[in-house]
**Student:** 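Take a look at this one; I'll ask things after.
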Amino acid sequence: MNYSPLTAFVLAVASLLTACGGGSDSPAASIPAAPVPLAAAEGYYQGTVSTGKQFQLLMLENDQFYSLIGNTDTQGVFRVTSLVEGKGASNNNSFSASNVKEYVNNGQVDTGTLSASYSPKVSITGSVSNAGGSASFTGTAPATANYTYDTAATLASVSGNWSGTSLAGEGLSFSISSAGAISGTAVSGCSFTGTSTPRASGKNVLDVSITFGSAPCTLPGLTGKGIGVSSLLSSGKRQFLIAVTNTDRTAGTVVFAQR
């Protein structure tokens with residue numbers, strides 16, 4: 001059969017594609033999909049420590065973490081006795097960190113390590129070791145009625161007056177303006193100022209900076225930066241937990257307040 005030059009060319013190309021597997025089995029069709037990135041440990045967890053205490057742990061999107069250790073009183077207020085802070089790495093549902101700092105309520109600072117396994121935003125189990133000893137912990141995400149990590153923080157939820165206690169056990173009161181400015185005093189006469197800003201990640205976390213005045217402040221002149229988390233208590237009151245450390249991580253403190 002005689003074909004026009006154009007028809008002959010089209011038939012030749014079609015024949016060549018068939019010979020090379022140009023159908024659904026072509027090399028282009030068999031390229032595997034890109035691997036799905038493994039989820040980080042990011043989220044908020046609370047649970048128990050083998051020492052008999054409780055913890056509330058915030059894992060940020062950059063693998064930095066703040067863990068508040070203490071106990072919940074009869075009013076549902078979480079009273080902190082130490083702060084564990086550091087930055088590690090998430091890998092295939094495992095998390096590890098070295099150079100982990102623990103700031104104790106007596107002013108002591110210990111350095112150690114942390115390792116854990118986790119189900120993202122569901123549960124976490126691990127252990128911390130430092131000069132003060134070793135402890136294991138296990139926890140889960142809190143009830144969404146009290147706190148939801150994936151809901152963006154707002155200044156409206158924390159603006160107003162608060163009363164609470166520092167890591168050193170000193171009573172204090174402070175206010176947060178609608179713009180996020182912090183101003184407060186402790187019963188000793190120590191004054192402090194700072195700022196509170198919703199975190200750029202869009203999660204339910206505030207970036208907090210606090211500067212303490214001169215003596216009689218426990219940490220005179222210290223500027224600490226860290227995080228703030230606001231949640232509802234079982235009593236119906238709202239709690240605001242703040243954890244900050246200075247730049248070289250030689251000092252840190254916590255404020256746990258409610259209203």
Side-chain angles (χ1 to χ4, degrees), residues 44-59 65-86 100-110 114 124 126 128 130 132-133 135-143 145-147 149 157-158 160-176 182 184-190 192 194 196 204-206 208 210 212 216-219 222 224 226-245 251-259:
Y44 197 76
Y45 309 88
Q46 58 187 21
T48 57
V49 185
S50 59
T51 57
K53 293 186 180 295
Q54 300 167 317
F55 74 90
Q56 297 200 24
L57 169 64
L58 175 66
M59 287 279 194
F65 63 90
Y66 295 84
S67 182
L68 308 179
I69 313 298
N71 289 104
T72 302
D73 67 15
T74 56
Q75 301 300 313
V77 177
F78 188 69
R79 300 195 175 276
V80 186
T81 56
S82 69
L83 163 65
V84 177
E85 179 271 339
V100 174
K101 300 291 185 180
E102 181 175 15
Y103 306 90
V104 188
N105 54 2
N106 63 3
Q108 179 179 339
V109 181
D110 291 323
L114 180 148
I124 191 166
V128 179
N130 57 34
S136 58
F137 60 89
T138 182
T140 58
N146 298 332
Y147 176 85
Y149 177 76
S157 68
V158 297
N161 299 320
W162 296 87
S163 61
T165 310
S166 71
L167 182 59
E170 185 176 19
L172 48 82
S173 60
F174 61 96
S175 62
I176 302 178
I182 299 173
T185 57
V187 294
S188 66
C190 169
F192 55 93
S196 179
N204 201 355
V205 182
L206 294 140
V208 176
I210 292 180
F212 295 94
C217 292
T218 305
L219 299 170
L222 178 137
I227 53 88
V229 173
S230 175
S231 62
L232 285 175
L233 301 173
S234 57
S235 63
K237 291 186 176 182
R238 180 164 288 276
Q239 178 165 273
F240 191 27
L241 298 174
I242 297 174
V244 297
T245 67
T253 191
V254 172
V255 172
F256 43 104
Q258 60 280 331
R259 65 182 183 193

**Student:** Show the nearest heavy-atom pair for residues Ser50 and Ala135, with the distance to one decimal.
**Tutor:**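 Between these two residues, the closest heavy atoms are OG-CA, 3.5 Å.
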**Student:** Considering all heavy atoms of both residues, which atom of Gly76 and which atom of Ser234 are nearest to each other, and what is their separation?
**Tutor:**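 So the minimum-distance heavy-atom pair works out to CA-OG, 4.3 Å.
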**Student:** Considering all heavy atoms of both residues, which atom of Ser67 and which atom of Leu57 are nearest to each other, and what is their separation?
**Tutor:**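 Heavy-atom minimum between the residues: CB-CD1, 3.7 Å.
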**Student:** Could you tell me the separation between the CD1 atom of Ile176 and the CG atom of Leu206, rounded to the nearest 0.5 Å?
**Tutor:**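 Going from CD1 on Ile176 over to CG on Leu206, the span is 7.5 Å.
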**Student:** With sequence neighbours excluded, tell me which residues meet ring pair (Phe, Tyr, Trp, His ring centres under 6.0 Å) with Tyr103.
**Tutor:**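 For Tyr103, no residue satisfies ring pair (Phe, Tyr, Trp, His ring centres under 6.0 Å) once neighbours in sequence are set aside.
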**Student:** Looking at every heavy atom in both Asp110 and Gly132, which two are closest together, and how far apart are they?
**Tutor:**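 Heavy atoms only, the tightest pair is OD2-N, 4.1 Å.
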**Student:** Can you tell me how far apart CD (Gln108) and OG (Ser82) are? Round to the nearest 0.5 Å.
**Tutor:**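 Those atoms lie 10.0 Å apart.
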**Student:** Assess the residue pair Phe137 and Ile124 against the criterion (side-chain contact (heavy atoms from CB on, under 4.5 Å)); give the C-alpha distance rounded to whole Å, side-chain angles, the decisive distance to 0.1 Å, and a yes or no.
**Tutor:** CA-CA 8 Å; Phe137 60 89; Ile124 191 166; 4.3 Å; yes
**Student:** Could you tell me which non-hydrogen atom of Gly224 sits nearest to which non-hydrogen atom of Val244, and how far apart they are?
**Tutor:**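 Minimum heavy-atom separation between Gly224 and Val244: C-CB, 3.5 Å.
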**Student:** Could you grab the distance from atom OG of Ser163 to atom CZ of Phe174, nearest 0.5 Å is fine?
**Tutor:**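 That separation rounds to 8.5 Å.
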**Student:** Test Arg79 against Asn71 for side-chain contact (heavy atoms from CB on, under 4.5 Å), laying out the working first.
**Tutor:** CA-CA 5 Å; Arg79 300 195 175 276; Asn71 289 104; 5.9 Å; no
**Student:** For Tyr147, is there any backbone N or O sitting under 3.5 Å from a side-chain donor or acceptor partner on Ser231?
**Tutor:**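 Such a contact is absent between Ser231 side chain and Tyr147 backbone.
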**Student:** Please enumerate all residues that pass ring pair (Phe, Tyr, Trp, His ring centres under 6.0 Å) together with Tyr149, with sequence neighbours excluded.
**Tutor:**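 Checked Tyr149 against ring pair (Phe, Tyr, Trp, His ring centres under 6.0 Å); zero matches.
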**Student:** Are side-chain heavy atoms of Phe65 and Val100 found at a separation under 4.5 Å?
**Tutor:**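 In contact.
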**Student:** How far apart are the C-alpha atoms of Ser235 and Gln75, what are their side-chain angles, what is the distance that settles it, and do they pass the side-chain hydrogen bond (donor to acceptor under 3.5 Å, both in side chains) test?
**Tutor:** CA-CA 7 Å; Ser235 63; Gln75 301 300 313; 6.0 Å; no
**Student:** Which is it for Leu222 and Thr253 under the side-chain contact (heavy atoms from CB on, under 4.5 Å) test, yes or no, and what are the steps along the way?
**Tutor:** CA-CA 10 Å; Leu222 178 137; Thr253 191; 5.6 Å; no
**Student:** Which one of Leu241, Val80, Ile69 satisfies the side chain to side chain contact (heavy atoms under 4.5 Å, CB included) criterion with Gln56?
**Tutor:**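 Output: one option passes, namely Leu241.
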**Student:** How close do Arg238 and Trp162 get, counting heavy atoms only, and between which atoms?
**Tutor:**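 Heavy-atom minimum between the residues: O-CZ3, 3.4 Å.
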**Student:** Could I get the full list of ring pair (Phe, Tyr, Trp, His ring centres under 6.0 Å) partners for Tyr66, not counting sequence neighbours?
**Tutor:**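 Scan of Tyr66 (ring pair (Phe, Tyr, Trp, His ring centres under 6.0 Å), adjacent residues dropped) gives none.
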**Student:** Do Ile182 and Val208 touch side chain to side chain, with heavy atoms closer than 4.5 Å?
**Tutor:**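 Yes, at least one pair of side-chain atoms sits under 4.5 Å.
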**Student:** Taking only residues two or more places apart in sequence or in another chain, which ones pass side-chain hydrogen bond (donor to acceptor under 3.5 Å, both in side chains) with Gln54?
**Tutor:**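 If we apply the side-chain hydrogen bond (donor to acceptor under 3.5 Å, both in side chains) test to Gln54, skipping adjacent residues, the hits are Thr72.
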**Student:** If I take atom OG from residue Ser230 and atom CD from residue Gln239, how far apart are they, to the nearest 0.5 angstrom?
**Tutor:**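 Separation between the atoms: 9.0 Å.
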**Student:** Would Asn204 and Val229 satisfy side-chain contact (heavy atoms from CB on, under 4.5 Å), going step by step from the backbone distance to the final call?
**Tutor:** CA-CA 7 Å; Asn204 201 355; Val229 173; over 6 Å; no
**Student:** Using the test side-chain hydrogen bond (donor to acceptor under 3.5 Å, both in side chains), find all partners of Ser188 that sit at least two apart in sequence or belong to another chain.
**Tutor:**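 Testing Ser188 for side-chain hydrogen bond (donor to acceptor under 3.5 Å, both in side chains), a comparison that skips the adjacent residues, returns Glu170.
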**Student:** From Thr185 OG1 over to Phe192 CZ, what is the distance, rounded to the nearest 0.5 angstrom?
**Tutor:**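 If I round to the nearest 0.5 Å, the distance is 7.0 Å.
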**Student:** Do Leu68 and Leu83 have side chains that get closer than 4.5 Å, going by heavy atoms?
**Tutor:**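 In contact.
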**Student:** Mind checking ring pair (Phe, Tyr, Trp, His ring centres under 6.0 Å) for Phe78 and listing every partner two or more places apart, or none if nothing turns up?
**Tutor:**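 With neighbours one apart ignored, the set is empty.
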**Student:** Let me confirm one number: the CG-CD distance from Asn146 to Gln46, rounded to the nearest 0.5 Å.
**Tutor:**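 Spacing of CG (Asn146) from CD (Gln46) equals 7.5 Å.
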